[in-house]
**Student:** 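This is the structure I have questions about; it appears just below.
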Amino acid sequence: MSLDVKITKRFDGFTLRTEFTAGNTTAAILGASGCGKSMTLRCIAGIVRPDSGRIVLDGRVLFDSEQGIDLPPQQRNVGLLFQNYALFPNMTVEQNILCALKKEKDPAARKAACAEALRAMRLEKLAHRPAPVSFRGGQQQRAALARILAGKPRILMLDEPFSALDSYLREEVEGEVGSLLAGFDGTALLVTHNRDEAYRLCREMIVMDGGEVLRAGTTREVFADPRRLTAARLTGCKNILPCVRVDAHRVHLTGWEQELAVALPVPENCTAVGIRAHDLVPAAADSDNRLPVRVGASSENPFDWNVICTSVDGSAKLWWKVSKTTLSSPLPETPAFLRAAPENITREL
């Protein structure tokens, strides 16, 4: 199973230019609000028609502007979970699911498929209750997923599936959705602005900004080497340090007047390096890749500290996240030097 997308859609003041390939696994589409993530899903589903391009699912052309192909949504066999779940308020859960089985003419087969979907989402006891009216968010989501899965989609697309849930329910539902995605036999796309959700649930990642794909690859590859400044920030890299390339594996940090060794090859046009806050560790005065620091401010989390350090002259900042098992309090224990291993330093353009 594979999905190939290369489309353009123009709006007032915004143009979506999306190009990526997703395999037989779960891929996150990560980006800030308004970057084109949800619109990409709607184009794949056939709800919005691109101006140009091509969408191919497992060798079957869903859209091709040059050939004049634009299959309607009901012929694409695509399952899309909306942020608000889009359940029919005047129907029970069972009736909602049966709506996805209209193509099945055999009543017995429809009933069996509905029962299977109810069992898969653990909704048997709720089958005859009105879905949106009396359900909690997690139950609504399971009902919406049951309706989608009953139609046996070839691709499953989830648009910010946890955004409407409180923190406690979010963790519970995330585990359920993670199990569902792991067992789904096909391509799945998860739209999110939450990098942690993307990392936990998805093997592949597509980073978008301003209607374009900045970076795509396995999730671990993208986190380890985001390559673009915006992609680095979207994946949670707090320390983006301006630099000048020295050679293939060394850079000179502007503002720190220090050189750092970098394991990855440094491109000729590299303008910054990234260091994740948790990758910094205390260092001795004679360590390599060390940066002299002073504490500027700190804040406490339940299990760690956020420490904002500055260069000695105060002209540059460095965010350091450190466990309380390592540091009982930021002051006066904060070391005079912090370092990052060469393999934990990314190159940004």
Side-chain angles (χ1 to χ4, degrees), residues 1-5 18 20-31 37-38 40-45 55 57-58 76-87 93 96-97 100 113 116-123 136-208 213 215-223 234-236:
M1 187 75 70
S2 64
L3 172 70
D4 295 292
V5 177
T18 307
F20 66 86
T21 297
N24 191 39
T25 186
T26 302
I29 302 181
L30 178 70
K37 307 185 302 294
S38 297
T40 297
L41 296 194
R42 284 159 172 73
C43 288
I44 296 170
I55 302 171
L57 176 60
D58 198 27
R76 297 194 179 199
N77 201 10
V78 167
L80 172 58
L81 179 71
F82 294 94
Q83 290 186 41
N84 63 358
Y85 310 136
L87 292 166
V93 174
N96 266 276
I97 295 172
E116 179 185 349
L118 288 168
R119 281 194 302 273
M121 291 290 105
R122 296 181 290 107
L123 293 167
R136 302 192 309 272
Q139 292 172 327
Q140 289 187 45
Q141 186 181 85
R142 295 204 329 258
L145 284 169
R147 184 178 64 184
I148 290 171
L149 295 173
K152 305 294 183 185
R154 298 168 67 190
I155 179 173
L156 180 61
M157 302 190 296
L158 311 181
D159 189 0
E160 297 279 5
F162 313 115
S163 61
L165 307 177
D166 60 44
S167 58
Y168 175 80
L169 190 57
R170 182 189 297 254
E171 292 183 5
E172 177 186 341
V173 174
E174 184 185 306
E176 294 177 347
V177 171
S179 298
L180 170 67
L181 293 174
F184 183 70
D185 184 21
T187 301
L189 298 178
L190 172 71
V191 157
T192 182
H193 63 272
N194 188 307
R195 66 180 187 276
D196 296 332
E197 288 174 2
Y199 193 91
R200 288 192 294 264
L201 295 174
C202 303
R203 293 179 60 186
E204 296 181 358
M205 180 174 289
I206 301 153
V207 182
M208 290 188 66
V213 173
R215 179 79 164 95
T218 70
T219 301
R220 290 182 180 275
E221 288 172 347
V222 173
F223 268 75
L234 287 169
T235 57

**Student:** When you measure from the side chain of Lys37 to the backbone N and O of Gly31, does any donor-acceptor pair fall under 3.5 Å?
**Tutor:** yes

**Student:** Rounded to the nearest 0.5 Å, what's the gap from CZ on Phe184 to CD1 on Ile155? Could you check?
**Tutor:** 8.0 Å

**Student:** Where is the tightest heavy-atom contact between Thr187 and Ala22, given as atom of each residue plus distance?
**Tutor:** CG2-CB, 3.9 Å

**Student:** Can you find a pair of side-chain heavy atoms, one from Leu234 and one from Arg215, that are under 4.5 Å apart?
**Tutor:** no

**Student:** Test your reading of the model: is there a side-chain donor-acceptor pair from Arg154 to the backbone of Asn77, 3.5 Å cut-off?
**Tutor:** no

**Student:** When you compare the side chain of Ile148 with that of Leu80, does any pair of heavy atoms fall below 4.5 Å?
**Tutor:** no

**Student:** Please report the shortest heavy-atom distance between Leu81 and Ala144, naming the atom on each side.
**Tutor:** CD1-CB, 3.3 Å

**Student:** List in chain and number order the residues that pass side-chain contact (heavy atoms from CB on, under 4.5 Å) with Thr26, two or more places apart in sequence or in another chain; answer none if no residue qualifies.
**Tutor:** Leu181, Ala188, Cys202

**Student:** Taking atom CG of Leu189 and atom CD of Glu204, what is their separation to the nearest 0.5 Å?
**Tutor:** 9.5 Å

**Student:** Quick one, Leu57 and Arg76 - any side-chain contact, counting heavy atoms below 4.5 Å?
**Tutor:** no

**Student:** Please list, chain by chain and in numerical order, all residues satisfying ring-ring contact (aromatic ring centres under 6.0 Å, His included) with Phe20, sequence neighbours excluded.
**Tutor:** none

**Student:** Name all residues meeting the ring-ring contact (aromatic ring centres under 6.0 Å, His included) criterion together with Phe82; count only those two or more places apart in sequence or in a different chain, and write none if there are none.
**Tutor:** none

**Student:** Looking at every non-hydrogen atom in both residues, tell me the closest pair between Thr235 and Phe223 and how far apart they are.
**Tutor:** O-CE2, 3.3 Å

**Student:** Kindly indicate whether the side chain of Arg122, heavy atoms from C-beta on, has any atom under 4.5 Å from the side chain of Glu176.
**Tutor:** yes

**Student:** Let me confirm one number: the OG1-CG distance from Thr192 to Leu201, rounded to the nearest 0.5 Å.
**Tutor:** 8.5 Å

**Student:** With side chains defined as the heavy atoms from C-beta onward, is the minimum distance between Leu158 and Leu145 less than 4.5 Å?
**Tutor:** yes

**Student:** Applying salt bridge (Lys or Arg N to Asp or Glu O under 4.0 Å), which residue pairs with at least one partner in residues 185-202 are found, sequence neighbours left out?
**Tutor:** Arg170-Glu197, Glu174-Arg200

**Student:** Drop me the distance from Ser2's OG to Asn24's CG, to the nearest 0.5 angstrom.
**Tutor:** 9.0 Å

**Student:** Is there a side-chain contact between Met121 and Val93 in this structure, where contact means two heavy atoms from C-beta onward sitting under 4.5 Å apart?
**Tutor:** no

**Student:** Hey, are the side chains of Ile55 and Leu3 touching, using non-hydrogen atoms and a 4.5 Å cut-off?
**Tutor:** yes

**Student:** Which heavy atom of Ala27 sits nearest to which heavy atom of Ile206, and what is that distance?
**Tutor:** CB-CD1, 4.4 Å

**Student:** For Ala113, which residues count as a side-chain contact (heavy atoms from CB on, under 4.5 Å) partner, sequence neighbours excluded?
**Tutor:** Leu101

**Student:** Taking side-chain contact (heavy atoms from CB on, under 4.5 Å) as the test, write out the residues that go with Asp159, two or more places apart.
**Tutor:** Ser38, Leu41, Arg42, Gln83, Val191

**Student:** Working to the nearest 0.5 Å, report the span between CG of Leu30 and CE of Met205.
**Tutor:** 5.0 Å

**Student:** For residues Phe162 and Val177, determine if any side-chain heavy atom of one lies less than 4.5 Å from a side-chain heavy atom of the other.
**Tutor:** yes

**Student:** Would you give the length of the straight line joining atom CE of Met157 to atom CG of Leu190, rounded to the nearest 0.5 angstrom?
**Tutor:** 12.0 Å

